[in-house]
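The structure appears right after this line, and notes come after that.
Convention: sequence-line order gives letters A, B, ...; per-chain numbering from 1.
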Amino acid sequence: MDFRESLTMAVKTLTASKLRSGLTMLGIIIGNASVISMVGLGEGGRHYINEQLQSLGPNILFIVPGNRETRRLGGLEISRNLVLADANAIAEQVPSVIDVAAENTTPGLLSFLNRNANASVIGTNPAFITVRNFTIGQGRFITDLDLQRTSAVAVLGNSLAERLFEDQVPLGQSLRINNIAFEVVGVLELQGSNLGVNYDDAVIIPITTQASRIVGRTSPYGIEVSFISATARNADSMQTAEFQITNLLRLRHGIVNVEEDDFFIQNQDTLLSIADTITSALTLMLAAIASISLLVGGIGIMNIMLVSVRERTQEIGLRKAVGASQNDILIQFLIEAIILSAVGGAMGTFLGVSGISLLSLLTPFEASASISAIVVAVGVSGSIGLFFGVIPARQAAKLDPIVALRSI
Amino acid sequence: MPSLIDLHQISKVYGSDNTEVKALWDVSLTIDQGDYCSIMGPSGSGKSTAMNVIGCLDRPTGGQYFFDGQDVAQLDDDTLAAIRNRKIGFVFQQFHLLPQLSALDNVALPMVYGGVAAAERRERATMALQRVGLGNRLTNKPSQLSGGQQQRVAIARAIVNRPLLLLADEPTGALDTTTTAEVMTIFEELNQGGITVVMVTHEPAVARLTKRVVWFRDGQVVNAHMQPEDVSYGALVE
Ligand SMILES: Nc1ncnc2c1ncn2[C@@H]1O[C@H](COP(=O)(O)OP(=O)(O)OP(=O)(O)O)[C@@H](O)[C@H]1O
Ligand SMILES: [Mg+2]
């Protein structure tokens, strides 16, 4: 019996029992698709976070309130937050720093005519736009003069502007924030969400205006800020800048021991390494889930293969009775298993890859199919399919025909 | 001329010790080339077991079996498969057709393993089916055929490779009188063409159409050369 005959026979048997073939393939398809999409998702998430952090630029430093070790943020024991004066002091007294932006975020209710929106109100200073590397789309950003005069001017995030003003021109319009009238002087370009803050859906006002009119209270030490960001002169001056800022703030906050630090400084590298720990754990978790689904898929394949070979012991007996050799039987089952594994593997890969493509279309994750995931998934499910398709058939092929025929 | 079938003190024992069943015990039997013989005996007397041994589908527990001059016990699995393929046609009591294949493909199956080219397989399988009166049922699956029709597909499959020996275990058990007569005509023709035919039957009328009756009881041959005319209806009830 030559190969072409065996192939024809296998195809005939597979197409004749569509349900059995379909179920076996389903196990392989699901196993493959889940592994490929899970791993792709993990990779996509990692890629996304890294890209976000990289977009911050290499020279940026974040000064965040709280202690680095205990990470107490705004807890009861922190008597003092960072204030605007800290930011100004850094700008004036730290030579390795070019620009310093202070940011304070509060929730606000915005209204324009009869349209309302809830959005973050970010109070900041003019350096914000250069430190964060944002671009202004229309109009202008807030100026030093605005800060001095505590002017009621606002710069809108791109999506927020669209949401509130729809097809009207926002510039020059009067917008109410917590029922206080602000003049819209600028609109940012689309930035995309950034470290969990969606600046596209926020409104930016002078920090002084925010302190006096929106927050309505100031700390005894000055205007409180959520965090300060600063750009160092260049990559080499990062360490110097960090050192100088630390010293200045300790001096200003009257800190003697390192353990008493009520702020800490992060840069792109420290953020990247934190993110890396998180995304590695995430990828590991997804890989674990994927392995489990591969295992479950594998058990499914194994079961159907085992059951179908047992079911087909009679068929094997009959084939032997009319003259099939052990090899004829083996080759037929091998070809069947190869076809099932290959078609199932291909369909599973297709499904997984389409799932990933769909994901990258619908979400900001640029998930991509990993070749190694495909190879591992197809390899594992294929081997399981081959092994459990062929080994039991081999056992059955060794039986005397009458024994195989009698077994039910 | 040597016998086609030569059984020497063949035994087939199932189980062990206290659960032992002697399906065949000390069976010696020779059947010559060209013979046309029926095997009869009460239910459970070992007829099917003997047929399976003769058809090289089963290995005896003891004794010697020469088929066509070859000591079958010495042959490996694949050689036996080749012998079954080329020299023996078997009609099973339970038909044993492959449910997923059409009548034509079922009949063609032995030729697939015999290395016959596809076109010739089709032609010969069609002829064999026509011969058993199923020329109009080529594409039907077994589930779309009556019991008698399935039996005839099984007969077509058994004769399609032009065997030396045709073994049929109750080939007419599921058939009405008309189709029984048709099947017996086919067997008679095959036998006249030189094929040795051995079949198991419970029907004296059918046995009378053969040349010789071998009578089984309790796993043993009690009469190896009974005249078909001597088979009475009463004998079956013994
Ligand atoms: N696989 C087996 N295991 C144990 N005992 C068996 C097995 N096959 C057959 N037997 C026993 O061997 C004996 C002979 O069985 P066999 O099938 O040869 O009878 P038979 O003459 O063909 O009967 P019937 O006319 O009913 O078909 C019976 O007693 C049966 O129970
Ligand atoms: Mg029987």
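- Side-chain contact between B/P99 and A/E315: absent, with no pair of heavy atoms (C-beta onward) separated by less than 4.5 Å.
- Distance check, rounded to the nearest 0.5 Å: OG of A/S325 to CG of B/L80 gives 12.5 Å.
- Residue with the most contacts toward chain A among B/D105, B/L97, B/V116, B/T79: B/D105 (heavy-atom pairs, distance under 4.5 Å).
- Distance check, rounded to the nearest 0.5 Å: CD1 of A/I402 to OG of B/S48 gives 8.5 Å.
- Using a 4.5 Å cut-off between heavy atoms, B/N52 contacts chain A through its side chain alone, with no backbone atom that close.
- By the 6.0 Å contact criterion, CZ on A/F350 is open, its count of non-hydrogen atoms from other residues, nucleotides or ligands being 12 or less.
- A 6.0 Å sphere centred on CE of A/M302 holds more than 12 heavy atoms belonging to other residues, nucleotides or ligands.
- In terms of heavy-atom proximity, B/A81 sits nearest to A/A324 at CB-O, 3.5 Å.
- A donor-acceptor pair shorter than 3.5 Å can be found between the side chains of A/Q326 and B/D77.
- Of the two parts of B/N161, neither the backbone nor the side chain holds a non-hydrogen atom closer than 4.5 Å to a non-hydrogen atom of chain A.
- By the 6.0 Å contact criterion, CZ on B/R86 is open, its count of non-hydrogen atoms from other residues, nucleotides or ligands being 12 or less.
- Distance CZ/B/F90 to CG/A/L318: 11.5 Å, rounded to 0.5 Å.
- The CD atom of B/Q100 lies 6.5 Å from the CZ atom of A/R20; values are rounded to the nearest 0.5 Å.
- A/E5 CD to B/M111 CE: the interatomic distance, rounded to the nearest 0.5 Å, is 11.0 Å.
- Of the atoms belonging to A/K320, heavy atoms from both backbone and side chain fall under 4.5 Å from chain B.
- Atom CZ of A/R394 has 12 or fewer heavy atoms from other residues, nucleotides or ligands within 6.0 Å.
- Atom CG of B/D71 is surrounded by more than 12 heavy atoms from other residues, nucleotides or ligands within 6.0 Å.
- Proximity to chain A is limited to the side chain of B/R157, based on heavy atoms less than 4.5 angstrom apart.
- Of all heavy-atom pairs between B/L57 and A/D400, the closest is O-CB, 3.8 Å.
- B/L101 touches chain A through its side chain: at least one heavy atom from C-beta onward sits under 4.5 Å away, while N, CA, C and O do not.
- Of the listed residues (B/I83, B/I88, B/L98), the one with the most heavy-atom contacts under 4.5 Å to chain A is B/L98.
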